[in-house]
Amino acid sequence: MRARDLLMEQNVALDRARREAETAIRARNDFLAVMNHEMRTPMHAIIALSSLLQETELTPEQRLMVETILKSGNLLATLINDVLDLSRLEDGSFQLEIRTFNLHALFRELLNLIKPIASVKKLSVLLSLAPDLPEYAVGDEKRLMQIILNVVGNAVKFTKEGSISITAFIEKSESLRDPRAPEFFPVPSDSHFYLRVHVKDSGSGITPQDIPKLFTKFAQSQSLATRNSGGSGLGLAICKRFVNLMEGHIWIESEGLGKGCTAIFIVKLGIPERVNESKLPFVPKVPTIHGQTNFLGLKVLVMDDNGVNRTVTKELLVHLGCDVTTVSSGDECLQVVSQEHKVVFMDISVPGIGGYEVVLRVHEKFTNCHERPLIVALTGNTDRVTKENCLRLGLSVPRACLAPHGANLLYGVLRSV
Amino acid sequence: MCYFSLIAVLWVVGLAVNGDFFVCEKGFLDDQFTQLQQLQDDSNPNFVVEVVSLFFEDSERLLNELTKALDQQTVDFKKVDAHVHQLKGSSSSIGAQRVQKVCIDFRSYCEEKNVEGCKKCLQQVKNEYSLGKSKLETLFKLEQQLLDAGGSIPMQ
């Protein structure tokens, strides 16, 4: 009798504990989501407005101050992103966003992003993709880019002169193993393959004892810390977790100080079933259904003060099956935009309320980031300042970010929604 | 090119064709124009004409504003630049690449606050624009004649 009562009591207690834990996790996630938004909004304002301030007439002294504000703002934004990412990764609530994407294009984009920074330090960057590397793969494109960018970014950061070489190929059984992790044994199949990327730099190198510490949180090795290293020390820790989620492995090899470094990672990617070649480069007359990408009835808003551009963009989007509303000014945009609009195509060089301000107001209007439309910048300005400003505001910047707003460009953007 | 088959049909129908009529060949219009043509279909049969007419209206207004602005004693370069930016945008949207190219130079002169350079560019833009406009108008007229004669316009 007593034993049974005891068991029942324990069950009740366990159940209660489970429910409490679930409530706590939900509360924590809500808190993080709110914090995410709460922290990002003022962050965006600081970054956007200091960027704009930079473009006004300033004394050299003022300019220096504004640059420092901007740099600090960017650093802070990166830190916030990193911390939030890591906390989601730690508690297992993080989910990869699996989709078919263009692997070759990802590497080209990487090159575009890293070349300007490398050229400032007069470093040459070489990319070589194996000829048998598939053009399309299935996986989390954004996180894969994050991993590569982080690794390559580190290579650039810690290399004073020379070159960075990036090679990508399919993992084969005779490829070199990590001597410290002999149990990792990738086995390809019909539906997936393992992508292997080597990033070799001619930088300051690392002592073998320091290598294992690299992937732990907040660790910055003494020999690596330089005055301008910056960063939170979370980058590689996050990379490692992403790589693990992708059932892969990441490690670093170095022969010692002054002998450069090679970072190697392997991730598992799916092979897409059938790639629809006809989607490049013409607009399909009838909106075609590519797996999940069906734009029929997708509500979008186009803001452009140029009548011709408005008409052309609208027609392109209508042909992709979207339900398009057009406005010609920032004010109109703010009046009309609603929760139902999934994407806003914005000409950010519209006079009156500047494009950037409209973006901020839209962010303010939709406090719940799930309701907020994706904002895509369309602009005739291809200079880097504009592009960087857009990226900071969280605007999606189509790779060929300029008018004419080509059909395949819009298609690519909509696919990523 | 896109209009080769059109020419063949016109010849069969017996219309005299101006050899200058390959607007694509002469480099006035680029790929963007082809994309516009592909957007035209039964649900929107006059799309190209409509957009191009809009472009003509817009451009003529802008060219007038530019002439006025550059004739002032003190030129307001910000205003000039804003107009050229508009023109550059719309010309690239319809594929008028020659107009667009001149606009790029025009904007550099604006940045340098070079009045002479700007006036030269304005003249160039006006030339390119009238050249292109007359070609497009001829094209539309011929297309209309073809349609009236019972033919159809093959699209690539």
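Chain letters run A, B, ... following the sequence lines, proteins first, then strands; residues in each count from 1. Atoms considered below: every heavy atom in the structure, side chains included; atoms not considered: hydrogens, waters and symmetry mates. Predicted model only: the values in this text are computed from it and were never measured.
- Closest of all the heavy-atom pairs between A:V308 and B:F55 is CG2-CA, 3.6 Å.
- Both the backbone and the side chain of B:L54 come within contact range of chain A, with heavy atoms under 4.5 Å apart.
- Scanning residues 108-123 of chain B against chain A with a 4.5 Å non-hydrogen threshold yields no residues.
- Atom CG of residue A:N309 and atom CG of residue B:D58 lie 9.0 Å apart, to the nearest 0.5 angstrom.
- Here NZ of B:K88 is found 11.5 Å from CG of A:N306. Values are rounded to the nearest 0.5 Å.
- Taking a 6.0 Å sphere around NZ of B:K133, one finds it holds more than 12 heavy atoms contributed by other residues, nucleotides or ligands.
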